[in-house]
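To keep things clear, I will list the structure first and then write my remarks on it.
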Amino acid sequence: MTIHIIFVAACFLIDGVITALFPNNAIATDLMFFSNLGFCAMVLTIRRFDLVNSCLLAIGFGMFFDHYFANTFLVYALSFFCIAFVVHLWSKHMTDTMLELIILCISTIFVKDCVVYFCMFFNRMTGWSIQTWFVNYEFLTILANAVLVLILVSCIRLKDDYMETKERKVRKEERVEWFKLRSKR
């Protein structure tokens with residue numbers, strides 16, 4: 001589980017680098033792009049865990065994102081928790097095809113951003129209409145993150161293959177040790 005957490009944290013740090021390379025202007029006439037690579041890595045990682053661990057991991061990364069990236073209080077933690085719950089229910093009916101993983105990531109980005117927008121709208125932290133928000137913020141974010149998700153899924157598959165190979169090697173060594181102990185009787 002530690003490797004998964006380190007991988008997701010590294011993806012959140014890459015988000016920070018992408019944000020520094022492509023700064024956004026909050027003027028309502030500009031198109032904005034926000035990288036959600038860390039969020040997508042979290043979504044693709046928590047779908048393999050049980051409900052309690054996935055919700056705890058999502059809340060933890062949500063609080064991390066609230067504190068270090070968004071400067072908000074529990075807005076993203078609540079959003080990530082809701083997403084973890086929905087992903088846990090939805091992933092029971094999914095396979096690991098590239099198309100399904102892209103749809104999962106893009107739809108969870110949209111739901112997360114909708115939850116955050118409505119939280120900010122009802123707390124009067126934003127004055128954007130839903131149409132302005134979708135055109136200026138969400139549209140380019142979804143398109144750009146679809147490309148990033150392709151790269152991310154490939155990286156996750158490489159990580160999973162590496163972990164499986166490592167686990168097979170450990171199991172093979174355990175089996176050899178077991179046979180050695182058994183033959184000494």
Side-chain angles (χ1 to χ4, degrees), residues 5 7-47 54-55 57-91 94 97-156:
I5 293 172
F7 181 77
V8 173
C11 288
F12 273 113
L13 292 176
I14 291 171
D15 277 343
V17 170
I18 291 172
T19 302
L21 292 175
F22 301 105
N24 291 306
N25 192 356
I27 298 173
T29 59
D30 293 340
L31 290 176
M32 298 183 343
F33 158 69
F34 285 97
S35 173
N36 286 300
L37 198 62
F39 174 74
C40 291
M42 183 195 71
V43 165
L44 294 174
T45 300
I46 64 173
R47 54 185 293 260
S54 57
C55 288
L57 191 65
I59 289 171
F61 278 116
M63 290 189 327
F64 171 78
F65 193 85
D66 275 329
H67 182 70
Y68 289 105
F69 290 102
N71 294 327
T72 57
F73 182 69
L74 296 180
V75 172
Y76 285 93
L78 174 67
S79 176
F80 285 13
F81 171 75
C82 294
I83 294 299
F85 188 76
V86 170
V87 165
H88 182 72
L89 294 176
W90 193 16
S91 65
M94 289 182 56
T97 63
M98 182 72 80
L99 180 63
E100 285 182 339
L101 295 177
I102 291 171
I103 290 171
L104 175 70
C105 288
I106 296 305
S107 61
T108 54
I109 288 171
F110 182 73
V111 170
K112 172 193 66 96
D113 289 343
C114 283
V115 168
V116 171
Y117 171 76
F118 287 118
C119 284
M120 294 179 80
F121 184 76
F122 290 126
N123 288 328
R124 294 188 177 111
M125 297 170 74
T126 185
W128 284 6
S129 68
I130 195 161
Q131 180 183 7
T132 304
W133 167 78
F134 185 79
V135 169
N136 292 350
Y137 177 84
E138 195 64 22
F139 181 70
L140 188 59
T141 297
I142 287 175
L143 287 179
N145 280 301
V147 174
L148 291 175
V149 168
L150 287 170
I151 298 167
L152 179 67
V153 169
S154 300
C155 291
I156 286 178

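In terms of heavy-atom proximity, Met94 sits nearest to Leu104 at CE-CB, 3.9 Å. When all heavy atoms of Ala84 and Ala58 are compared, the pair lying nearest together is CB-CB, 3.5 Å. Of all non-hydrogen atoms in Gly16 and Phe69, the two that sit nearest each other are CA-CE2, 3.7 Å.
Residues Val43 and Phe39 form a side-chain contact, since some pair of their non-hydrogen atoms from C-beta on lies under 4.5 Å apart. Side-chain contact between Leu101 and Arg47: present, with at least one pair of heavy atoms (C-beta onward) separated by less than 4.5 Å. For the pair Ile130/Phe118, a side-chain contact is recorded, criterion being any heavy-atom separation below 4.5 Å from C-beta on. Leu44 has its side chain within reach of Cys105: a pair of non-hydrogen atoms, C-beta onward, lies under 4.5 Å apart. Looking only at side-chain heavy atoms (C-beta outward), Leu152 and Leu37 come within less than 4.5 Å of each other. Counting heavy atoms from C-beta on, the side chains of Ser35 and Phe22 never come closer than 4.5 Å.
In this structure, Phe34 and Tyr137 have tilted ring planes: the angle between them lies in the 30° to 60° band. The aromatic rings of Phe80 and Phe12 lie parallel to each other, their planes meeting at an angle below 30°, with 60° marking the opposite boundary. Ring geometry, Phe134 versus Phe110: the interplanar angle exceeds 60°, so the pair is classed perpendicular (tilted spans 30 to 60°).
By the neighbour-count criterion of 12 heavy atoms within 6.0 Å, atom CZ of Phe81 is sparsely surrounded, having that number or fewer from other residues, nucleotides or ligands.
Applying the side chain to side chain donor-acceptor pair (under 3.5 Å) criterion to Thr141, with sequence neighbours excluded, gives no partner residue.
Sorted pairs that involve residues 124-151 and meet salt bridge (charged side-chain N to carboxylate O under 4.0 Å, His left out), not counting sequence neighbours, are lacking altogether. Sorted by first and then second residue, the salt bridge (charged side-chain N to carboxylate O under 4.0 Å, His left out) pairs involving residues 60-82 (not counting sequence neighbours) form an empty list.
Under the ring-ring contact (aromatic ring centres under 6.0 Å, His included) test applied with Tyr76, the options Tyr68, Phe61, Phe65 reduce to a single match, Phe65. Evaluated for a side chain to side chain contact (heavy atoms under 4.5 Å, CB included) with Asn36, the options Ile106, Asn145, Ile142 yield exactly one hit, Asn145.
In this structure, Cys155 SG and Leu150 CG are separated by 11.0 Å, a value rounded to the nearest 0.5 Å.
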